[in-house]
2 protein chains.
Amino acid sequence: MILSESIEDYLKAIYALKKEVGKVVTTQLAERLEVKPASVTGMVRKLADMKLVTYKPYQGVALTKAGQKVALEVIRHHRLLELYLNEIMGLPWDKVHQEAEKLEHAISEELEDRIDQLLGHPTTDPHGSPIPSKAGKVNNSSSKKLSEMKRGEKAKIAEVRDEDSELLRYVGELGLFPGKSFEVVNVAPYKGPMTLKIKSKKIIVGREAAKQILVNKISAWN
Amino acid sequence: MILSESIEDYLKAIYALKKEVGKVVTTQLAERLEVKPASVTGMVRKLADMKLVTYKPYQGVALTKAGQKVALEVIRHHRLLELYLNEIMGLPWDKVHQEAEKLEHAISEELEDRIDQLLGHPTTDPHGSPIPSKAGKVNNSSSKKLSEMKRGEKAKIAEVRDEDSELLRYVGELGLFPGKSFEVVNVAPYKGPMTLKIKSKKIIVGREAAKQILVNKISAWN
DNA sequence: GATATTATTTAGGTAAACCTAAATAATATG
DNA sequence: CATATTATTTAGGTTTACCTAAATAATATC
């Protein structure tokens, strides 16, 4: 099956929106893909004809098994590439998303396999997102937003949104990389900044940035 | 300047044909690009409008300075990628062309620079083709075809055509890699095979394959 | 030098993926 | 519940890069 880059991007976006918002509607798809809603309607009808999505006008879109398979393959390419570019080639973590966005459509299955092998079959990318397996399994550790944590709670950084380069530079300078453990020592009111303690070092992070960071809580009995 | 993949491919093909045949005509361009001659006419007119080529109907096409610059940038991407894929990632030399063909349009200038740096600013790709410098200089060592050599002559393998995977597997099995020195010990008549001696080991190579191999003669007084 | 052949161009058409503007459906508000 | 607002779709248009078929130009052959 030969699918255009556009189609792959649509399927990827539908997968992501489903994960983030639950329901996938025309306007949001259009916004994320930076096209007009009318264009989304047209493409979504086409995807439905191809049995890659199910679509009821005014009701929303959902991936079929076949559509999800394609989406996960593209996401696997993307995240393997991000990790390779960062870890092996030394590109900064705030640059790899943009680069992978183009390369994900260009690499062959053989190159994908080789990258996977060179990286030792990794399971997460540099931003903490899970890398789908070749068979299409994804480790979706149900994590919560850092911005919703309360004072005194402890957690580990799980995942940072990878689309925004500026966010990543900011978060990276603070040392908030996936895997880092911390405690919330203060939460300023009026959507103010949060103060975290990482190994006795205090850092301050804005609430907006904190919304873009997912964490895994460390239970009290650990 | 944002140029489509098609445009980049046309410019690359025009550059290559000019090098190989001297004159670039519609039919040959069409053949190489696997499109119809009528399509070439249309695109070439467009390229002329963009000042990337000069074009006189029925007379042929030639790259302008601007067009050559683009062509060399794409070729630089291609050859750096081939070398990276082969040398660093361990892909066989008969697979890298196909992969680079897609990736050359997808990598950023920053990634190009990083690859160049990781490879130590190389000057030839795995098939012996020169890698244009960032400034657009190419080392075109004027070499001749192996198929045209006579018995007793000595030379070094300079370059093997990279488009044909089967040819590369064949030539690779014979050990005829760029840089290898040899002597022609026999040339069978009627376009028959040639017998070469590499370090006292005799190998036999068909005349058709020999046409695809460029060599640098080693002068007698060396 | 007329005619056949080959090369090239012109004219008109298609598919993909977008667009804008207008129409319609769904939802919210007084 | 009538009306305003927002979401979505429909209709028709654009651009890119192809295509086929027909016309024309260049070249080769008798």
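Note that the structure is a prediction, hence the values are computed from the model and not measured.
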Heavy-atom side-chain proximity of A:Glu159 to A:His127 below 4.5 angstrom = no
Taken to the nearest 0.5 Å, the spacing of A:His97 NE2 from A:Leu168 CG works out to 9.5 Å
Considering every strand and a 4.0 Å limit on heavy-atom distances, what is the contact class for B:Pro57: base, sugar-phosphate, or nothing?
sugar-phosphate
In whole angstroms, the gap separating P of D:dT15 from CE of B:Met50 amounts to 14 Å
Pairing donors with acceptors under 3.5 angstrom, does anything connect the side chains of B:Asp9 and B:His105? yes
Examine D:dC19: is either OP1 or OP2 under 4.0 Å from a nitrogen or oxygen in the side chain of B:Ser39? Give yes or no.
yes
Interatomic distance, CG@A:Leu174 vs CD1@A:Ile157, rounded to 0.5 Å, equals 9.5 Å
From NZ of B:Lys36 across to P of C:dT6 the rounded distance in Å is 17 Å
In whole angstroms, the gap separating P of C:dA16 from CD1 of A:Ile2 amounts to 12 Å
Distance check: side-chain N/O of A:Tyr10 vs OP1/OP2 of C:dC18, anything under 4.0 Å? yes
Between CD of A:Gln59 and P of C:dA26 the distance, given in whole Å, is 7 Å
Out of C:dT24, C:dA11, D:dA11, minimum distance to the side chain of A:Ala38 belongs to D:dA11
For C:dG1, the nucleotide meeting Watson-Crick or G-U wobble distances (both under 3.5 Å) is D:dC30
Between A:Thr26 and D:dA7, does any side-chain N or O lie under 4.0 Å from OP1 or OP2?
no
> When you measure from the side chain of B:Glu99 to the backbone N and O of A:Ser108, does any donor-acceptor pair fall under 3.5 Å?
Replying inline: yes
ask   = Are A:Thr41 and D:dT10 close enough that a side-chain N or O sits under 4.0 Å from OP1 or OP2?
value = no
Whole-Å distance, B:Arg45 CZ to D:dA17 C1', equals 16 Å
A:Leu47 atom CG is separated from C:dA16 atom P, nearest whole Å, by 12 Å
pair_partner(D:dA23), Watson-Crick or wobble, both distances < 3.5 Å, evaluates to C:dT8
Whole-Å distance, A:Met43 CE to D:dT10 P, equals 16 Å
When rounded to whole Å, the CD to P distance for the pair B:Glu34 and D:dC18 reads 11 Å
Subject >> Short side-chain N/O contact from B:Ser6 to OP1 or OP2 of D:dT16, under 4.0 Å >> reply: no
* Using a cut-off of 4.0 Å on non-hydrogen atoms, how would the nucleic acid contact of A:Val40 be classed: base, sugar-phosphate, or nothing? -> nothing
